[in-house]
Asks: 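I have a structure I would like to understand better, so I am pasting it below and will then ask my questions one at a time.
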Amino acid sequence: MEHNSNIAYISVYAGAGGEDAKDWAGMLVDMYRKYASRKNWKMKFLRDLELELKGEKVYEALKEEAGVHRLVRISPFDVKKLRHTSFARVEVLPALSQTLVSELQIPEKDLKVNFYRSSGPGGQNVNKVETAVRINHIPTGVVASSESERSQARNREQALNLLKVRLAKLMEEKKEKELANLKTKVSPEWGHEIRSYVLHPYKQVKDHRTGLKISKVKEVLDGNLDLLLR
């Protein structure tokens, strides 16, 4: 897949677990936001749990973050103060090359476009009108949204570009050369976690791929990912 490694899209999806899982997904987005700030990368929210990051080889730096992340902690939402385990899936995608963006043409009949009021970090200034855009690729079920821009047209362009990124990735995974061959509805593939963050009964971050263990969980969640990405 021809891509621009200086742009990365990070999306986080909460797993089962109600408020704990949603909170964990938000914590991960905050971790990547803080890491981007440390690296002086440009950043904007596409919507609540989706970031666009721009910086030198940002995709190469973060692509190994893709996968399932597990959190173990005393739940702040449990009145009995019991320990809970939460899961979230992180998706990391590069921007497509301009050539591939132009070449990947999607028939309008295959798109379902919805407009809604922005509500996330990028949408406070436009939340009185339906400027946010969600685009569904009907044959596959792949969805992309944007609410960071001030106009409906710009959000549609941003959402369509992200949709193309996801479809190109899916084509690569399915080894399909033609977009028309992608017909199966996609569903999140959780699989086994790539990293665990334990806050109780002890403190530890463990990367299950490398076996690396460190006790500085707070520092990692505060955006010091260089403790792991080395």
Side-chain angles (χ1 to χ4, degrees), residues 1 3 5 7-39 41 43 45-53 55 57-75 83-95 142-144 162 165-175 186-230:
M1 180 172 68
H3 66 265
S5 64
I7 301 176
Y9 299 106
I10 295 184
S11 303
V12 183
Y13 304 90
E19 290 302 317
D20 275 290
K22 292 177 184 177
D23 188 56
W24 174 223
M27 289 169 65
L28 284 171
V29 168
D30 203 40
M31 179 180 74
Y32 294 122
R33 178 186 63 81
K34 291 176 179 177
Y35 185 59
S37 179
R38 286 172 178 261
K39 293 294 186 180
W41 292 333
M43 178 195 69
F45 278 91
L46 300 181
R47 53 195 298 268
D48 286 356
L49 297 176
E50 293 187 349
L51 296 172
E52 178 189 81
L53 303 178
K57 296 185 177 178
V58 59
Y59 172 68
E60 299 302 323
L62 291 174
K63 64 182 181 180
E64 298 303 326
E65 289 297 295
V68 177
H69 296 241
R70 177 170 68 104
L71 174 70
V72 180
R73 64 171 175 175
I74 298 295
S75 170
R83 189 172 65 190
H84 283 239
T85 299
S86 305
F87 294 88
R89 181 170 65 88
V90 175
E91 174 190 73
V92 184
L93 296 171
V142 173
V143 177
L162 183 56
V165 170
R166 288 183 171 143
L167 289 174
K169 179 67 173 177
L170 187 60
M171 288 171 66
E172 185 178 61
E173 292 173 351
K174 301 290 185 182
K175 295 181 172 58
V186 298
S187 58
E189 295 180 0
W190 294 96
H192 299 291
E193 64 268 20
I194 63 166
R195 189 180 298 149
S196 296
Y197 308 70
V198 180
L199 295 174
H200 186 85
Y202 53 89
K203 290 180 171 56
Q204 182 185 90
V205 179
K206 178 180 179 180
D207 191 297
H208 297 283
R209 298 161 297 182
T210 65
L212 177 64
K213 299 178 183 178
I214 61 173
S215 60
K216 298 179 179 180
V217 188
K218 185 178 185 303
E219 288 91 334
V220 171
L221 293 176
D222 279 339
N224 191 359
L225 280 174
D226 284 335
L227 291 170
L228 297 168
L229 305 179
R230 57 189 181 187

Asks: Please evaluate residues Val220 and Leu225 with respect to the criterion side-chain contact (heavy atoms from CB on, under 4.5 Å), reporting the C-alpha separation (whole Å), side-chain torsions for both, the decisive distance (0.1 Å), and the verdict.
Replies: CA-CA 5 Å; Val220 171; Leu225 280 174; 4.0 Å; yes
Asks: Between NZ of Lys216 and CG of Leu228, what distance do you get to the nearest 0.5 Å?
Replies: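 With rounding to 0.5 Å, NZ (Lys216) is 11.0 Å from CG (Leu228).
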Asks: Does the distance from a Lys or Arg side-chain N to an Asp or Glu carboxylate O, for Lys169 and Glu91, drop under 4.0 Å?
Replies: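 No, no charged N to carboxylate O under 4.0 Å.
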Asks: Can you name the nearest heavy-atom pair linking Val92 to Tyr59, along with the distance?
Replies: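 Heavy atoms of Val92 and Tyr59 come nearest at O-CE1, 3.8 Å.
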Asks: Using side-chain contact (heavy atoms from CB on, under 4.5 Å), reason through Tyr9 and Ile7 one step at a time and then give a plain yes or no.
Replies: CA-CA 7 Å; Tyr9 299 106; Ile7 301 176; 4.3 Å; yes
Asks: Side-chain donor-acceptor contacts of residues 14-31 below 3.5 Å, not counting sequence neighbours, with atom names and distances?
Replies:
unit_1: Asp20; atom_1: OD1; unit_2: Arg73; atom_2: NH2; d: 3.4
unit_1: Asp20; atom_1: OD1; unit_2: Ser75; atom_2: OG; d: 2.9
unit_1: Asp20; atom_1: OD2; unit_2: Ser75; atom_2: OG; d: 2.8
unit_1: Asp23; atom_1: OD2; unit_2: Arg73; atom_2: NH1; d: 3.1
unit_1: Asp23; atom_1: OD2; unit_2: Arg73; atom_2: NH2; d: 2.9
unit_1: Trp24; atom_1: NE1; unit_2: His69; atom_2: O; d: 3.1
unit_1: Asp30; atom_1: OD1; unit_2: Arg33; atom_2: NE; d: 2.8
unit_1: Asp30; atom_1: OD1; unit_2: Arg33; atom_2: NH2; d: 2.5
unit_1: Asp30; atom_1: OD2; unit_2: Lys34; atom_2: NZ; d: 3.4

Asks: For Val72 and His200, which heavy atoms make the closest approach, and how far apart are they?
Replies: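 Taking Val72 first and His200 second, the nearest heavy atoms are CG1-O, 3.5 Å.
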Asks: Could I get the full list of side-chain contact (heavy atoms from CB on, under 4.5 Å) partners for Val143, not counting sequence neighbours?
Replies: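 If we apply the side-chain contact (heavy atoms from CB on, under 4.5 Å) test to Val143, skipping adjacent residues, the hits are Arg134, Asn136, Ser145.
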Asks: Give a yes or no answer on whether the side chain of Arg38 reaches the backbone of Gly223 with a donor-acceptor pair at less than 3.5 Å.
Replies: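 Between the backbone of Gly223 and the side chain of Arg38 there is a qualifying donor-acceptor contact (under 3.5 Å).
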Asks: Partners of Lys39 by salt bridge (Lys or Arg N to Asp or Glu O under 4.0 Å), sequence neighbours excluded?
Replies: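 In terms of salt bridge (Lys or Arg N to Asp or Glu O under 4.0 Å), with neighbours along the sequence ignored, Lys39 is linked to Asp226.
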Asks: For residues 60-67, run the donor-acceptor check on the side chains, cut-off 3.5 Å, and write out each pair with its distance to 0.1 Å, sequence neighbours left out.
Replies:
unit_1: Glu60; atom_1: OE1; unit_2: Lys63; atom_2: NZ; d: 2.9
unit_1: Glu65; atom_1: OE1; unit_2: Tyr32; atom_2: OH; d: 2.6
unit_1: Glu65; atom_1: OE1; unit_2: Arg195; atom_2: NH1; d: 2.9
unit_1: Glu65; atom_1: OE2; unit_2: Arg195; atom_2: NH1; d: 3.2
unit_1: Glu65; atom_1: OE2; unit_2: Arg195; atom_2: NH2; d: 2.6

Asks: Please find the pair of heavy atoms, one from Ala144 and one from Arg166, that lie closest to each other, and give the distance.
Replies: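 The pair with the smallest heavy-atom distance is CA-NH1, 3.6 Å.
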Asks: The criterion is side-chain hydrogen bond (donor to acceptor under 3.5 Å, both in side chains); which residues satisfy it with Lys203, sequence neighbours excluded?
Replies: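 Testing Lys203 for side-chain hydrogen bond (donor to acceptor under 3.5 Å, both in side chains), a comparison that skips the adjacent residues, returns none.
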Asks: Are Leu199 and Ile74 packed together at the side-chain level, in the sense that at least one heavy-atom pair is separated by less than 4.5 angstrom?
Replies: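 Of all side-chain heavy-atom pairs linking Ile74 with Leu199, none is under 4.5 Å.
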Asks: If you measure from CG on Leu221 to OH on Tyr35, what distance do you get to the nearest 0.5 Å?
Replies: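 It is 14.5 Å, given to the nearest 0.5 Å.
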Asks: Kindly write out the residues that satisfy side-chain hydrogen bond (donor to acceptor under 3.5 Å, both in side chains) with His208, not counting sequence neighbours, or none if the list is empty.
Replies: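 Testing His208 for side-chain hydrogen bond (donor to acceptor under 3.5 Å, both in side chains), a comparison that skips the adjacent residues, returns Ser196.
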Asks: For a quick test of reading the model, state the closest non-hydrogen atom pair linking Leu227 to Leu212 and the distance between them.
Replies: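 Closest approach of Leu227 to Leu212, heavy atoms only: O-CD2, 3.9 Å.
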Asks: Using the side-chain contact (heavy atoms from CB on, under 4.5 Å) definition, which of the options Leu170, Val142, Leu93 pairs with Val165?
Replies: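 Exactly one pass, corresponding to Leu93.
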